[in-house]
Amino acid sequence: MANDIQAQESEKPVFYLTEDHHPEGSTNLGFWLYLMSDCLIFAVLFATHGVLRRNYAAGPSPADLFDLPLVALNTAMLLFSSITYGFAMLQMERNAKAETLFWLAVTGLFGAAFLGLELYEFAHLIHEGAGPTRSAFLSSFFTLVGTHGLHVTFGIIWLITLMVQVSKHGLIPENRRRLMCLSMFWHFLDVVWIGVFSFIYLMGVLG
Amino acid sequence: MSSHPHAPTHEDAATTHHAHSHGHEAGHGSFKGYMIGFGLSIVLTAIPFVLVMGGVFDSKLLTAFLVMAFAVVQIVVHMVYFLHMNPRSEGGWTMMALIFTLVLVAITLAGSLWVMHHLNTNMMPMSPEMMKNVP
């Protein structure tokens with residue numbers, strides 16, 4: 001906020017860039033940098049899983065545990081939520097408040113479905129005795145997938161918060177900026193999930 | 001989108017406002033773009049699942065390679081069509097941050113796997129008796 005005000009006060013800000021202007025302020029770039037640091041967290045968790053993925057401690061292996069049709073359904077939920085968020089952004093472009101809220105709600109429902117399926121899978125695994133304490137493979141699996149699920153959880157909380165904000169204050173510039181940030185966050189989580197289903201589930205079942 | 005030269009100095013407020021809406025559009029893409037990205041990502045998700053679940057190829061190595069290749073392509077598709085990455089946004093700084101992050105990710109992943117693989121293959125196996133006598 002302070003930066004915005006300062007940028008507006010000084011008539012000709014000096015940018016050492018060839019680009020002509022910075023209409024959005026630095027929020028987008030700053031949020032992008034946050035996403036990149038989040039990406040590093042996931043990279044470390046992926047590396048840990050890569051190292052530990054065959055350490056079953058005489059316990060169950062991915063081929064015994066993972067239910068690929070369920071994972072495919074889960075992936076579809078997240079993919080659908082990505083495109084519906086895209087629709088919400090397009091409606092925001094058109095200044096259509098009700099439609100934006102509708103697509104945000106659909107996105108939240110798909111996100112909740114994703115979380116529900118994931119929690120069902122976790123409960124099922126733990127019930128079978130394949131909890132995070134069973135082997136190093138399962139510890140790293142639960143850490144990585146759980147971290148992703150936690151991100152989605154906070155994404156949904158953020159989404160609900162923004163829906164309240166938009167319905168109360170409308171599509172004001174502040175809310176547009178916030179929706180833009182959540183859009184990047186949401187699509188970023190989908191990108192991480194591509195790595196999860198490819199590397200953890202599919203490669204895991206392959207052995 | 002915002003590559004036109006500096007706007008004339010008169011009607012300053014109007015041009016700033018104009019620039020605002022342009023900036024938004026540049027960040028959001030179009031319906032067509034989203035649908036292309038969605039279609040591509042459905043195909044790119046379905047193929048690796050079919051490859052693994054259907055056991056299309058006998059060679060596990062080939063299947064694993066294809067799964068990872070499709071994942072990389074799909075990540076690029078998401079970056080372009082959903083996250084609207086391009087070399088010009090924010091004066092190229094988002095792209096620089098992305099490249100820097102990718103280098104770090106590559107070092108982290110490759111380094112961890114490499115080092116731990118060598119440890120696994122080169123360490124002498126320990127018996128429980130030896131473990132007990134470790135200081």
Side-chain angles (χ1 to χ4, degrees), chain A residues 8 11 15-24 26 28-29 32-33 35-37 39-40 42-44 46-48 50-52 68-69 71-72 75-76 79-80 82-83 85-87 89-90 92-93 173 176 180 183-184 186-188 190-192 194-195 197-199 201-203 205-207, chain B residues 2-7 12 16 19-25 27-31 33-35 37-38 41-42 44-46 48-49 51-53 60 63-64 67-68 70-71 74-75 78-79 81-83 88-94 97-98 100-102 104-105 108-109 111-113 116-117:
Chain A
Q8 282 166 9
E11 284 290 307
F15 291 122
Y16 296 96
L17 298 171
T18 46
E19 200 199 26
D20 37 359
H21 43 221
H22 268 238
E24 302 260 73
S26 47
N28 271 357
L29 180 57
W32 181 255
L33 291 182
L35 288 183
M36 291 298 101
S37 65
C39 186
L40 290 181
F42 281 109
V44 171
F46 270 109
T48 311
V51 169
L52 299 174
L68 284 186
V71 179
T75 306
L79 209 52
F80 282 131
S82 248
I83 188 70
Y85 202 108
F87 291 156
M89 293 305 277
L90 292 174
M92 186 192 88
E93 269 317 293
R176 287 168 177 270
M180 186 69 209
S183 160
M184 287 159 78
W186 200 262
H187 293 310
F188 168 75
D190 206 5
V191 170
V192 173
I194 298 170
F197 81 72
S198 303
F199 184 62
Y201 289 102
L202 292 179
M203 299 277 280
V205 170
L206 268 181
Chain B
S2 55
S3 58
H4 56 79
H6 271 286
D12 236 359
T16 328
H20 256 276
S21 55
H22 264 259
H24 279 297
E25 275 171 37
H28 294 169
S30 60
F31 179 75
Y34 275 113
M35 288 320 280
F38 185 60
S41 47
I42 291 219
L44 292 169
T45 305
F49 269 98
L51 285 183
V52 174
M53 288 163 80
K60 279 186 177 179
T63 314
V67 166
M68 292 323 277
F70 276 110
Q74 197 183 348
I75 286 173
H78 276 241
M79 287 276 179
Y81 288 104
F82 291 163
L83 282 164
R88 290 176 313 284
S89 65
E90 301 287 342
W93 286 109
T94 52
L98 177 67
F100 176 62
T101 311
L102 288 181
L104 284 186
V105 167
T108 313
L109 287 176
S112 304
L113 293 175
M116 295 311 287
H117 176 74

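Hydrogens, waters and symmetry mates play no part in the numbers below; they use all other heavy atoms, side chains included. Proteins get letters first, then strands, A, B, ... in listed order; numbering begins at 1 in each. Note that the structure is a prediction, hence the values are computed from the model and not measured.
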Given that the side chain runs from C-beta out, which part of B/Leu51 has a heavy atom under 4.5 Å from chain A: side chain, backbone, both or neither? neither
Heavy atoms only, distances under 4.5 angstrom: which of A/Val44, A/Val71, A/Leu33 has the most pairs with chain B? Name it, please. A/Val71
In terms of heavy-atom contacts, B/Val105 and A/Ala43 come closest through CG2-CB, 3.7 Å
To the nearest 0.5 Å, atom OG1 of B/Thr94 lies from atom CG of A/Leu35 at 11.0 Å
For each of A/Phe197, A/Tyr85, A/Phe46, A/Trp186, tally heavy-atom pairs with chain B at distances under 4.5 Å, and name the one with the top tally. A/Phe197
Can you label the angle between the A/His187 ring and the B/Phe82 ring as parallel, tilted or perpendicular, going by 30° and 60°? parallel
Roughly how far, to the nearest 0.5 Å, is CE of B/Met68 from CE of A/Met203? 5.0 Å
Reported OG-to-CD1 distance for the pair A/Ser198 and B/Ile75, which is rounded to 0.5 angstrom: 7.0 Å
Can you measure from CD1 (A/Ile194) to CD (B/Gln74) and round to the nearest 0.5 angstrom? 4.0 Å
Side chain, backbone, both or neither: which part of B/Ile42 has a non-hydrogen atom closer than 4.5 Å to chain A? both
Could you tell me which non-hydrogen atom of B/Phe49 sits nearest to which non-hydrogen atom of A/Leu68, and how far apart they are? CE2-O, 3.8 Å
Could you measure the distance from the OG1 atom of B/Thr101 to the CH2 atom of A/Trp32? Nearest 0.5 Å is fine. 8.0 Å
With a 4.5 angstrom heavy-atom cut-off, could you sort out which part of A/Leu206 is near chain B: side chain, backbone, both or neither? both
Check A/Leu79 against B/Ser41 and note the closest heavy-atom contact, atom names and distance. CD1-OG, 3.8 Å
Would a 4.5 Å heavy-atom cut-off, applied to side chains only, mark B/Tyr34 and A/Met89 as touching? yes
Please work out which of the three classes, parallel, tilted or perpendicular, describes the rings of B/Phe31 and A/Phe87, given edges at 30° and 60°. parallel
A/Cys39 SG to B/Leu102 CG distance, which is reported to the nearest 0.5 Å: 7.0 Å
Let me see the working for A/Phe199 and B/Val67 under side chain to side chain contact (heavy atoms under 4.5 Å, CB included), right down to the final yes or no. CA-CA 8 Å; A/Phe199 184 62; B/Val67 166; over 6 Å; no
Show your reasoning for whether side chain to side chain contact (heavy atoms under 4.5 Å, CB included) applies to B/Met35 and A/Ile83. CA-CA 8 Å; B/Met35 288 320 280; A/Ile83 188 70; 4.2 Å; yes
Partner chain B: residue of A/Val205, A/Leu40, A/Val192, A/Thr48 with the largest heavy-atom pair count (under 4.5 Å): A/Leu40
